[in-house]
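Heads up, the thing below is written out as structure tokens.
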Amino acid sequence: MVDESQAGEIIKVAGPLVVARGLPQPRMYDLVRVGKERLMGEIIELRGDRASIQVYEETGGLGPGDPVYTTGGALSVELGPGLIGSIYDGVQRPLDLIREATGNYIARGVEMPALDREKEWEFVPKRKPGDSVSEGDILGVVQETPVVEHRVMVPPGAGGTIEHINEGPCKVTDVVAVIKDGDRIHNVTLSTVWPVRRPRLYREKIPPRNELVTGQRVIDTFFPVAMGGTACVPGPFGSGKTVIQHEIAKWANADIIIFIGCGERGNEMTEVLLEFPELIDPYSGEPLMKRTVLIANTSNMPVAAREASVYTGITIAEYFRDMGYHVALQADSTSRWAEALREISGRLEEMPGEEGFPAYLGTRLASFYERAGMVKCHGSEGRIGSVTVVGAVSPPGGDLSEPVTQATLRVVKVFWGLEDRLAFRRHFPAINWLISYSLYLEEVESQWSEEVNPEFPELRREAMALLQREAELEEIVRLVGIEALSSAERLTMEAARSVREDFLQQNAFDEIDTYTSIRKQFFLLRLVMRFYKEAEKALEAGVDIRELINLPVREDIAQAKFIREENLQEFDELEKRVADSINELIKRMGAGEGVEAESATVVSGAAIEEE
Amino acid sequence: MAIKEYLTVKEIVGPLLLVEGVEGAKYGELVEVEFPDGSVGLGNVLEVSEDKVLIQSFEETRGLDVSNTKIRFRGRGLELGVSRDILGRVFDGLGRPIDGGPEIIPEARLSISGNPINPYARDYPSDFIQTGISAIDGLNPLVRGQKLPIFSGSGLPHSRIAAQIARQSTVLGKEEEFSVVFAAMGITFEEANYFMSEFKRTAAIERSVLFVNLADDPAIERIATPRVALTAAEYLAFELGMHVLVILTDMTYYCEALREVSAARKEVPGRRGYPGYLYTDLATIYERAGRIKDERGSITQIPILSMPEDDKTHPIPDLTGYITEGQIILSRELHRRGIYPPIDVLPSLSRLKEKGIGEGKTREDHSNLSNQLFSAYARGKEAKELAVILGEAALSDVDKLYARFSDEFEHRFVRQGEFENRTIEETLAIGWELLRMLPRAELKRVKREQIEKYMK
């Protein structure tokens, strides 16, 4: 690819930015090789014969006069079998192979193909010679992992009659099919390349309508995201962004997970690498790593590659989408990406916008999130695929008015607002239910009505109203103390506390609690609300509030989240127990017993849980 | 290659020198700056543009002039010579001995900027370190290979806590080679001297390496100091297989030096005048902590930073918190009430907690017990706040108990002596003892069996 004689020379080096002169035919966003070590870089500005280049590797030791080579192509990713289970850096170099080649530290100038050139894959053709095919049609498949069938598609712009198609073991660079279109011959290889900054093509976009079930109760029931939707998780440090991202990557009912560690901690990627091969996907029964691609550009790795990493990730996501898969992409964190933009922009001496971020921050963010969506893919099979994007945002000081959060909120449809106040109380996930929202609720609710239970949407509304009411009552308690509340209001507070503690709180480190199916979520919420409704009746019948609060059955409600998925029938029985024990109180009331509460200890005080 | 010497300094602005007519300078290259009086300082290349080179001088630029200053390019970056003999020695902020001892005969010369650890090569930190401090061990445990900063404020006893951690740290059931690398950036002589005499008193000096840049040493030198220290730490950990505890104090002065250079370069400032790349820059320091697969050693970092105005949202603590694996926050209020260590446990956090504790590591009840203590203490504090506004009478009976619990918790669990080294069993026992103050029905986060077993 690199023509030795065709080289320009460096005239300036400032951090990750290099300016070169005399490059042959430089084009914007072309990939170049910088210096004797051939560091990867990308042209981001042209002025006369001077090209500004952002370098994806550490630039120490470069100086004026060093050569710069053009490659004539844009920064691209390799797409083909072998992606799943890999860990790449921001420009798709395989980190496991880099370790084998250069040891524990990332050396510079390593050139490494993203896909294993030697590995043979069993190609199973789905078409035969003489078939006429058009772009996006599936020519054949490779069983990439036990859960992922890798579909080899006719590349964009190709089409015609199949002259020849292979069968059996193939390497990624092998031609698997030859397509003839008049005089033109297309050789289709097992793998393909695609420039990362260009969205992959599809037939048409369709509005998202199915829920992406994440197994996280506060997300699925209260603020759901749809397949093909976009969500963001802003929060100060220590509020649990990464844990939420990991939980979604673990339990989402997507076919493929792309996890981008963008400018975050190295140990977090290690955690994923060590955990995912061990954890079993509840949907397929296979290890989670068999559906996961990791992109790791940790905070100490070169800043320009961080900028590229989100594009690398989303291009891989789109590729699997085109095969007809539902892909969930997590970017942790988009703020670090924005900071990379800011750093490069500063070195280019561009006029800064808000807080030093470039003026095009909003546009870049929007066009990234817009690559999410549910689409009708190319190809005669009429496949539907989707890419869901969940971006973490790390606002400085937890201040949501900062530019990255604001630009993100303009484009995403779901907002999970994390709060450190909740995290300090060890309420996890620390998603504040009063500020968060989801714009997919309507679509998801109609899906629930059909597939889970018609009561679900109403139940959710009631629970939400209860939490809202709690916030109002808290104001009163803060001003005049809990004694000022009526019994009915005390009950409301108590029920809201139950919703928070018994439903919203979820322990990511507990083997059972870490994942809750949508059916179990419904049962659990109904159980919690059932107590409230029955207790309201009892209160009207004159039962003392303290007796209701101290009912032993409430301890069972608190334990209900630990009911296993295979024992969901226990919920019916539990609900009956709730109703029975409250009716018992009403009956005793009618019989004139137990009017006075025996114990003076009221295990309540829900009011001051909040501040 | 002959070393070229230039007399072509054109501008001197603050710590920056602009030299013209230079050939073959490289980005990041080490530079010798010879002062008109013959003394020699060091610097490095920040930017090269054609024949113009921008140099940051680690030495004060006082006394430099544009006509007689000589610049020599060394053809390599700043390096540290390392060997086992660095143990027990004291160096300046650039790694030159200042204890009167002999020069180090290096086995290797390592570039101080280091290379990023390949995430694939990392091993997850999971060995619990017993620091003997209940507020850390019980609630925010430190794990080998972790980076856990102390967020402090002026006048708070962070030095004493860091020294106590260095003195008491052990890994349960293991006897391994252990060393301390200490980097002082911009702190006072008294503070640095406290650490040195502390290390000498406990004979820890034998297994320590100290890099000292004091408040009156050149400010720009501080930019190199943590990198020099971490290069030494990496050598000890991954070449010699030692478990290294790195104490970096005070990161705030480091960031201020960075800001000084950024301002002199007229860069577009980020928040509060700190450069936009502060996050990335700090990450290249903090991320040098960790463990590596198949290597014996480890690097555990305890950076100390003083929060200006005790403000956690200030860019330095804020960006640090986003990179490190948790934080230990000190509270002025506890300190005023005479509680040592004044660790504010609620906003403190150890992200690696779950990996380091539990059965086989500490004890099976550790995780649940700490969650229970957290939530009980949080509720007690809230109850006390309410009582301040509405009077104690407005509290329910249970909340009165919680309020009392939070007081007792601070006095018996958090508070301890500076030389009191509590085992993890002792820490957990105090925790269970305190929980007895509360009605059993309130203990929702611990399992019933655990209550039976441990709450005697």
Side-chain angles (χ1 to χ4, degrees), chain A residues 11-14 59-65 87 95-96 98-99 104-107 237-238 263 265-267 269-271 273-274 296 298-301 303 336 339 342-343 346 352 355-356 394 396-399 420 424-426 478 481-483 509 555 558 600-605 608-609 611, chain B residues 24-28 47-51 77 113 115-125 267-271 276-277 279-280 283-284 287 290 292 295 313 315 318 321-323 325-327 346-347 349 354 371 374-375 378-379 382-383 385-386 390 394 396-399 439 441-442 444:
Chain A
I11 52 173
K12 178 179 173 180
V13 187
T59 50
L62 290 179
I87 173 163
L95 288 171
D96 46 349
I98 289 184
R99 183 182 183 220
N104 292 328
Y105 296 93
I106 297 177
F237 64 84
R265 303 177 185 88
N267 277 334
M269 297 314 291
T270 312
E271 186 182 0
L273 272 171
L274 296 179
T298 56
S299 53
N300 54 340
M301 283 156 79
V303 70
R336 306 300 164 221
E339 279 164 16
R342 173 167 70 182
E343 185 168 347
E355 288 190 17
S394 319
D399 169 17
D420 49 2
F424 295 163
R425 292 210 322 252
R426 301 307 189 257
R478 247 193 295 273
I482 189 132
E483 297 304 324
F509 301 101
E555 212 169 303
T601 324
V602 181
V603 192
S604 159
I608 40 180
E609 269 279 282
E611 291 205 330
Chain B
K26 305 293 181 198
Y27 176 68
E47 193 174 310
V48 272
S49 184
E50 305 190 54
D51 67 341
S113 57
N115 276 328
I117 299 177
N118 186 333
Y120 188 79
R122 280 183 187 268
D123 200 357
Y124 205 77
E267 290 173 334
V268 179
R271 286 173 70 218
Y277 48 81
Y279 175 86
T280 306
T284 57
E287 278 289 326
I292 291 179
E295 297 280 350
T313 65
D318 188 53
Y322 274 121
I323 305 164
E325 283 137 353
Q327 65 276 340
L346 293 180
L349 171 74
E354 297 293 333
N371 284 335
F374 264 123
S375 67
R379 183 151 165 202
E382 281 163 10
E385 273 168 33
L386 200 71
L390 300 169
S396 67
D397 292 342
V398 174
D399 279 316
E442 286 293 290
K444 282 186 178 178

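Note on naming: letters A, B, ... go to the chains in the order of the sequence lines (proteins, then strands), and numbering restarts at 1 for each one.
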Query raised in the report: What part of P396(A) is in contact with chain B, defined as an atom under 4.5 angstrom from a non-hydrogen atom: side chain, backbone, both or neither?
Result: both

Report summary line: If one checks every heavy atom of L273(A) against chain B at 4.5 Å, the contacting part turns out to be side chain

**Report entry** Proximal component of A283(B), with respect to chain A [non-hydrogen, under 4.5 Å]
**Finding:** both

Query raised in the report: Does any heavy atom of chain A fall under 4.5 Å from the side chain of D123(B), the backbone, both, or neither of them?
Result: both

Query raised in the report: With only heavy atoms counted, which part of F374(B) is less than 4.5 Å from chain A, the side chain, the backbone, both or neither?
Result: side chain

Query - Sidechain N-carboxylate O distance under 4.0 Å for E47(B), K12(A) - result: yes

Query raised in the report: Which atom names give the shortest non-hydrogen contact between M269(A) and P119(B), and what distance separates them?
Result: CB-CB, 4.3 Å

Report task. List in chain and number order the residues that pass ring pair (Phe, Tyr, Trp, His ring centres under 6.0 Å) with Y120(B), two or more places apart in sequence or in another chain; answer none if no residue qualifies. Result -> none

Query raised in the report: Which atoms form the tightest heavy-atom contact between V48(B) and A25(B), and what is the distance?
Result: CG1-CB, 3.8 Å

Requested in this report: Measure distances from E50(B) to the heavy atoms of chain A and classify the residue's part below 4.5 Å as side chain, backbone, both or neither.
Outcome: both

Query raised in the report: Would you call R122(B) and E287(B) a side-chain contact if the rule is heavy atoms closer than 4.5 Å?
Result: yes

Report task. Below 4.5 Å from any heavy atom of chain B, which atoms of D399(A) appear? Answer side chain, backbone, both or neither. Result -> neither

Report task. Considering only heavy atoms and a distance below 4.5 Å, find which of S113(B), G28(B), G321(B), P315(B) pairs most often with chain A. Result -> G321(B)

Requested in this report: Please state whether the side chain, the backbone, both or neither of V303(A) comes within less than 4.5 Å of a heavy atom of chain B.
Outcome: side chain

Query - chain B contacts, top residue of R265(A), R99(A), R426(A) (heavy-atom pairs, under 4.5 Å) - result: R265(A)

Query raised in the report: In terms of heavy-atom proximity below 4.5 Å to chain A, should Y279(B) be classed as side chain, backbone, both, or neither?
Result: side chain

Query - Proximity breakdown for L274(A) and chain B, heavy-atom pairs closer than 4.5 Å - result: side chain

Query raised in the report: At their closest point, which heavy atom of Y124(B) faces which heavy atom of N267(A), and how far apart are they?
Result: CE1-O, 3.1 Å

Report task. Below 4.5 Å from any heavy atom of chain B, which atoms of I106(A) appear? Answer side chain, backbone, both or neither. Result -> both

Query raised in the report: Would you call R342(A) and E355(A) a salt bridge, taking side-chain N to carboxylate O under 4.0 Å as the test?
Result: no

Query raised in the report: Closest heavy-atom contact between P64(A) and I11(A)?
Result: CG-O, 3.9 Å

Query raised in the report: Between E343(A) and chain B, which part of the residue has a heavy atom less than 4.5 Å away: side chain, backbone, both or neither?
Result: side chain

Query raised in the report: Non-hydrogen atoms of chain B under 4.5 Å away: do they reach the side chain of S394(A), the backbone, both or neither?
Result: both

Query raised in the report: So which of I323(B), D51(B), L349(B), N371(B) has the largest heavy-atom pair count under 4.5 angstrom toward chain A?
Result: I323(B)

**Report entry** Structural part of E295(B) lying under 4.5 Å from a heavy atom of chain A
**Finding:** side chain

Query raised in the report: Which one of G61(A), G346(A), G356(A) has the most heavy-atom pairs closer than 4.5 Å to chain B?
Result: G61(A)

Requested in this report: Name the option with the most non-hydrogen atom pairs under 4.5 Å to chain A; the candidates are G77(B), G276(B), P116(B).
Outcome: P116(B)

Report task. Name the region of I292(B), side chain, backbone, both or neither, that has any atom closer than 4.5 Å to a heavy atom of chain A. Result -> side chain

Query raised in the report: Are the side chain of N115(B) and the backbone N or O of A107(A) linked by a donor-acceptor pair below 3.5 Å?
Result: no

Report task. Specify which of N118(B), T313(B), T284(B), T280(B) makes the most heavy-atom pairs with chain A at under 4.5 Å. Result -> N118(B)

Requested in this report: Tell me, for V268(B) versus chain A, whether the close heavy atoms (under 4.5 Å) come from the side chain, the backbone, both or neither.
Outcome: side chain

Report summary line: Minimal heavy-atom distance between A296(A) and M301(A), with the atoms involved, is O-CE, 3.4 Å

Requested in this report: Start with the C-alpha distance between R425(A) and L346(B), add both sets of side-chain angles, then the distance that settles side chain to side chain contact (heavy atoms under 4.5 Å, CB included), and finish with yes or no.
Outcome: CA-CA 7 Å; R425(A) 292 210 322 252; L346(B) 293 180; over 6 Å; no

Report task. Give the C-alpha distance, both sets of side-chain angles, the deciding distance and a yes or no for side chain to side chain contact (heavy atoms under 4.5 Å, CB included) between K26(B) and V13(A). Result -> CA-CA 8 Å; K26(B) 305 293 181 198; V13(A) 187; over 6 Å; no

Query - Ion pair E339(A)/R336(A), N-O distance below 4.0 Å - result: yes

